[in-house]
2 protein chains.
Amino acid sequence: MKLTEAKQQFISSWGAFGTHWGINRTMAQIHALLLINADPLSQDDIMEELNISRGNTNMNIRELINWGLVDRIILTGERKEFFTAEKDIWKVVKQIVKERKKRELDPMLKLLDQLEDVEGDKRDKNVKTFVETVSGIKKLGLQADRTLDIMIKAEENWFVGNLVKLFK
Amino acid sequence: MKLTEAKQQFISSWGAFGTHWGINRTMAQIHALLLINADPLSQDDIMEELNISRGNTNMNIRELINWGLVDRIILTGERKEFFTAEKDIWKVVKQIVKERKKRELDPMLKLLDQLEDVEGDKRDKNVKTFVETVSGIKKLGLQADRTLDIMIKAEENWFVGNLVKLFK
DNA sequence: TAATACTTTCAATGTTTTTTGAAATTTCAA
DNA sequence: TTGAAATTTCAAAAAACATTGAAAGTATTA
């Protein structure tokens, strides 16, 4: 396979993949494009490569920066801004985990706390099932929270090297 | 908080939560509803509780059954079918992980395999970055694949009890 | 077997999300 | 300062996705 074709393939698949995970297709594609480009790209480069509008490009780059996945680069002698993505995939994964934890897991745990102390007779089957389900989710959520915190601080070696052995 | 209100809250939040993870809102809500109901519900029960149409209900129940999260129950003496969800959250999580791995991670790894042997001079900076990025993702993906396989087979105790200690 | 209860399908419709592009704003070199 | 280059905004348009409901299909029982 030629490089150009492989790049296209990667970008389009990364985009499709993203949509299954609640990530906007264009955002995932821009990320993919920056991941596989050695040098930083300008907004115009990205627009041209992906055939998308200026506004769309701008919004999604911003979003990627908010997620901590892309950096704005100022090249000396250039008026334009350039953009580049972190290439170390382990760092990328940790960053995504960190953000999703903050945006989704933490609020969910807060909600479960409130729902846990529902009024009513605990002997009532419906109250019981509700409370038990909510508590069960909270318990696992808290554990996931702790585990992910540790993962976020860990080195890749830890994950790739030792995890499997420890679990067996 | 009253049970009715808490249920509503849980269902609606679970639905919103789902949309952030590429899961259709209604599907997540039906799942939530079945999770917190001690007894199985019929299609009509679900339609009424969530104010959704027959077709929508039917399609999303089916999807939940495909995901292995909901079971069809035949109650003796009843003509209708009833539905119930697995209440053990650890089992639910493992089932979701198993399915998403099959549907998303496995195909992604297959793709990366193909992209890895792109033609071209490895000294070319662009070829080099492409190959390195793809290989990096593949390496981490394979590790995740193995780790998740172990997780799928594990008991909850393992996760809740020992994981943290091992990681420290 | 026929009548009835229940389930499934899917074209049409509605809703949400994404994208566009032109106008407004900001930046910076001269 | 000024004004050209670059960036940002956002209302409107397009695209993607979800939902409806009536008709077709199936299973059950009298």
Side-chain angles (χ1 to χ4, degrees), chain A residues 11-34 40-67 69-84 103-104, chain B residues 11-34 40-67 69-84 103-104:
Chain A
I11 290 167
S12 116
S13 303
W14 204 249
F17 197 65
T19 59
H20 286 134
W21 283 91
I23 290 149
N24 165 311
R25 180 186 260 85
T26 302
M27 183 171 150
Q29 288 186 347
I30 295 176
H31 188 219
L33 176 64
L34 293 175
L41 298 180
S42 70
Q43 236 186 88
D44 292 81
D45 296 334
I46 295 169
M47 283 167 63
E48 202 179 318
E49 284 274 358
L50 303 179
N51 275 294
I52 54 179
S53 72
R54 185 170 300 285
N56 195 8
T57 308
N58 191 273
M59 280 184 61
N60 283 293
I61 289 176
R62 181 104 31 73
E63 200 58 12
L64 283 164
I65 293 173
N66 284 342
W67 275 81
L69 298 172
V70 162
D71 288 323
R72 197 184 296 265
I73 300 273
I74 304 296
L75 294 182
T76 49
E78 285 274 10
R79 181 87 176 260
K80 283 182 202 166
E81 297 174 336
F82 286 75
F83 303 94
T84 185
R103 294 167 189 224
E104 291 147 28
Chain B
I11 290 167
S12 113
S13 303
W14 204 248
F17 197 64
T19 59
H20 285 134
W21 283 92
I23 289 148
N24 165 311
R25 181 188 257 85
T26 302
M27 183 171 149
Q29 288 186 348
I30 295 176
H31 187 219
L33 176 63
L34 293 175
L41 298 181
S42 70
Q43 237 187 83
D44 291 81
D45 295 334
I46 295 168
M47 284 168 61
E48 201 178 320
E49 284 275 358
L50 303 179
N51 276 292
I52 55 179
S53 72
R54 185 170 298 286
N56 195 8
T57 309
N58 191 274
M59 278 183 62
N60 283 293
I61 289 175
R62 183 108 32 72
E63 199 58 11
L64 283 164
I65 293 174
N66 284 342
W67 275 81
L69 298 172
V70 162
D71 288 321
R72 195 185 297 266
I73 300 273
I74 305 295
L75 294 181
T76 48
E78 284 277 10
R79 184 90 175 255
K80 284 184 205 167
E81 296 173 337
F82 286 75
F83 302 94
T84 185
R103 295 167 190 225
E104 291 146 28

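In what follows, chains are A, B, ... by sequence order, proteins preceding strands, each numbered from 1. Hydrogens, waters and symmetry mates are skipped; everything else that's a heavy atom, side chains included, is used.
- Heavy atoms from other residues, nucleotides or ligands lying under 6.0 Å from CE of Met59(A) number 12 at most.
- In this entry the distance linking CD1 of Ile61(A) with P of dT9(D) reads 13 Å, nearest Å.
- Atom-to-atom, CG of Asn58(A) to C1' of dA22(C) comes out at 14 Å; the value is rounded to the nearest Å.
- Judged by the 6.0 Å distance and 45° axis criteria, Arg62(A) is not positioned over the aromatic ring of Trp67(A).
- Between Leu75(A) atom CG and dA5(D) atom C1' the separation is 16 Å, expressed in whole Å.
- Taking atom CD1 of Ile46(A) as the reference point, atom C1' of dT7(D) lies 13 Å away to the nearest angstrom.
- Under the 3.5 Å distance criterion, the side-chain polar atoms of Asp45(B) are matched with a main-chain donor or acceptor of Ser42(B).
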**OP:** Report, as a single string ordered 5' to 3', how protein heavy atoms within less than 4.0 Å touch nucleotides 15-30 of chain D: B base, S sugar-phosphate only, - not at all.
**Re:** ---SSBB-----BB--

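- Aromatic ring orientation, Trp21(B) versus Trp21(A): perpendicular (interplanar angle above 60°, classes split at 30° and 60°).
- Between the CG atom of Asp45(B) and the C1' atom of dC6(C) there is a distance of 14 Å, rounded to whole Å.
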**OP:** Test side-chain contact (heavy atoms from CB on, under 4.5 Å) on Thr84(A) and Val70(A) and set out the steps.
**Re:** CA-CA 6 Å; Thr84(A) 185; Val70(A) 162; over 6 Å; no

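- One atom, CD of Glu63(A), and another, P of dT18(C), lie 10 Å apart when rounded to the nearest Å.
- Atoms CE (Met47(B)) and C1' (dA5(C)) sit 14 Å apart, rounded to a whole Å.
- When rounded to the nearest whole Å, the span between CZ of Arg72(B) and P of dC6(C) equals 15 Å.
- Considering only heavy atoms from C-beta on, Leu34(B) comes within 4.5 Å of Phe83(B) through its side chain.
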